[in-house]
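Data first, discussion second: the structure below is written as structure tokens.
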2 protein chains.
Amino acid sequence: MTQDIVLKNIAKHISLDENEIPYFLSILKEKKYPKKSVILKEGEICKTINFVQSGTLRAFYRDSQGKESTIMFAVSDWWITDMSCFINQQPAMLNIETLEESLILHLQKEDLDDLYIKIPKFERFFRIIMQNAYIREQLRVIQNLSLSAEQRYHIFLDKYPQVAKQVTQKQIASYLGITPEFLSMIRANKNK
Amino acid sequence: MTQDIVLKNIAKHISLDENEIPYFLSILKEKKYPKKSVILKEGEICKTINFVQSGTLRAFYRDSQGKESTIMFAVSDWWITDMSCFINQQPAMLNIETLEESLILHLQKEDLDDLYIKIPKFERFFRIIMQNAYIREQLRVIQNLSLSAEQRYHIFLDKYPQVAKQVTQKQIASYLGITPEFLSMIRANKNK
DNA sequence: CCAATTTCTTAAACTACATTATTTTTTTAC
DNA sequence: GTAAAAAAATAATGTAGTTTAAGAAATTGG
């Protein structure tokens, strides 16, 4: 079953009883998206938190002048949403799109709220997910403040080698906060 | 009681029963620190998560050349720690210091782990705390990637006016990721 | 399979911010 | 209250990264 992936993901942090598994699976809605699908568009209410079974997704912010900043990539086994807008059920600041054909499990806000009540272990699960996300973002802030673009690029390659292969340099540049032209220069220097 | 502050903080997200309150308070260790105390030093194991009853704290990263990047400020009613190192009980990457005399409640890792078991509602509480921290850090990443130093400075003033009054410009500059000299220029331009 | 579009590279001119140094102002300590 | 230390301002010079533009390479769609 493809749903093995999400169950293994859950099992990293909590153990579900046999009878809890079908309930949990019943609130997930599986959907297949072709390449370049828009999963969430800025301004829309973000109704779901999303688990990537297969494929690659990108969340990005587009500023008033159209400049894009990639906030995160998500590959198989990752959770992704516009957390702020999902939690508060407000218009999204981010866009989320597929970079290739992807199989996504959607979990609705109201179903998650019920889940916390019916299976409180999920409070623990998402506490750990949020904790890890916080630690990741904070590390990224530290690196953005203290490292050069070149250092950030090499850390990105080391940390997410499989993502680096899937996405364009333009997208990597927008994740690093530099222009594609400057990334191209960094890459050219490397070979010297 | 000064401990009212932490109980009100908890009550924002969960309701404790009468009998749970004394247990929770019993695992908190209150300590008073003079100005410029070091609460956590990089390289040390980070043993506690800390609640600020009164005063102001600063968490910062110091790179190999001694350059400081301020990761967060914490004033009354905030939780602060080096989360990565607290969770994994590994040597700290961050330093935490008081910027004025401060009254801190310390919560030890092992007591927190017990607390999650004895009062599982705290899973919910810290899930929400972590969620908010994640959202905050992600917003900061977006702003670091897409806004100029000047824009970031004005957002900081709007968002944390009381912090802005308590801390030096050098510290604000290191939070924004710029030099104090450049912040001084930004401030001078403002008056034109 | 070819045309069209997108991506990547190169390079010159430019800008936001850093560095260094000096002076002035504010804070701290006895 | 005064000396010493730290913080802030100003200014000249330097640099990491941007902008603009144009050509080469790779991908995509029909």
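In what follows, every chain begins at residue 1, and chains take the letters A, B, ... in the order their sequences are listed.
The distance between atom CD of A:Q65 and atom P of D:dT19, rounded to the nearest whole Å, is 9 Å. Between the P atom of C:dT28 and the CD atom of B:E101 lies a distance of 14 Å, rounded to the nearest Å. Computed from coordinates, the B:Q171 CD to D:dA7 P distance equals 7 Å when rounded to whole Å. The distance from atom CG of A:L176 to atom P of D:dA16 is 17 Å, rounded to the nearest whole Å. In this structure, CE of B:M185 is placed 17 Å from P of D:dA8, rounded to the nearest angstrom. Between the CD1 atom of A:I172 and the P atom of C:dT7 there is a distance of 13 Å, rounded to whole Å. The separation between B:L145 atom CG and D:dT18 atom P is 11 Å, rounded to whole Å. We find that CG of B:L183 is positioned 14 Å from C1' of C:dA16, with the value rounded to whole Å.
At the heavy-atom level, A:T168 lies under 4.0 Å from the strands shown only through sugar-phosphate atoms. If you check every strand for non-hydrogen atoms under 4.0 Å, A:K36 touches nothing. Contact annotation for A:K35: backbone-only contact, meaning every heavy-atom pair under 4.0 Å involves sugar-phosphate atoms and none involves a base.
For the pair A:R127 and B:Y116, the cation-pi criterion (under 6.0 Å, within 45° of the ring axis) is fulfilled.
Neither OP1 nor OP2 of C:dT26 sits under 4.0 Å from any side-chain N or O of B:Q169. Contact check, B:R187 against D:dA8: no side-chain N or O comes under 4.0 Å of OP1 or OP2. Residue B:T179 places no side-chain N or O under 4.0 Å from the OP1 or OP2 atom of C:dC17.
In this structure, the nucleotide among D:dT10, D:dA8, C:dC8 sitting nearest to the side chain of B:A188 is D:dT10. Across D:dG17, C:dC17, D:dA7, the shortest atom-to-atom separation from the side chain of B:S148 is found for C:dC17. Among the nucleotides C:dT20, C:dT10, D:dG17, the one closest to any side-chain atom of A:E181 is C:dT10. Side-chain atoms of B:F182 lie closest to C:dC17 of the nucleotides C:dC8, D:dG17, C:dC17.
Between A:K121 and A:E20 there is a salt bridge, with a side-chain nitrogen of the basic residue lying less than 4.0 Å from a carboxylate oxygen of the acidic one. In this structure, B:D4 does not pair ionically with B:K8, as no charged nitrogen and carboxylate oxygen lie closer than 4.0 Å. At a threshold of 4.0 Å, the pair A:D114-A:K109 does not count as salt-bridged, since none of the basic side-chain nitrogens sits closer than that to a carboxylate oxygen.
Along DNA chain D, the nucleotide nearest A:I178 and the nucleotide nearest B:V167 are compared for position; the residue whose nucleotide lies closer to the 5' end is B:V167.
For residues 91-101 of chain B, the set of pairs meeting the salt bridge (Lys or Arg N to Asp or Glu O under 4.0 Å) definition, not counting sequence neighbours, comprises B:K32-B:E101, B:R58-B:E97.
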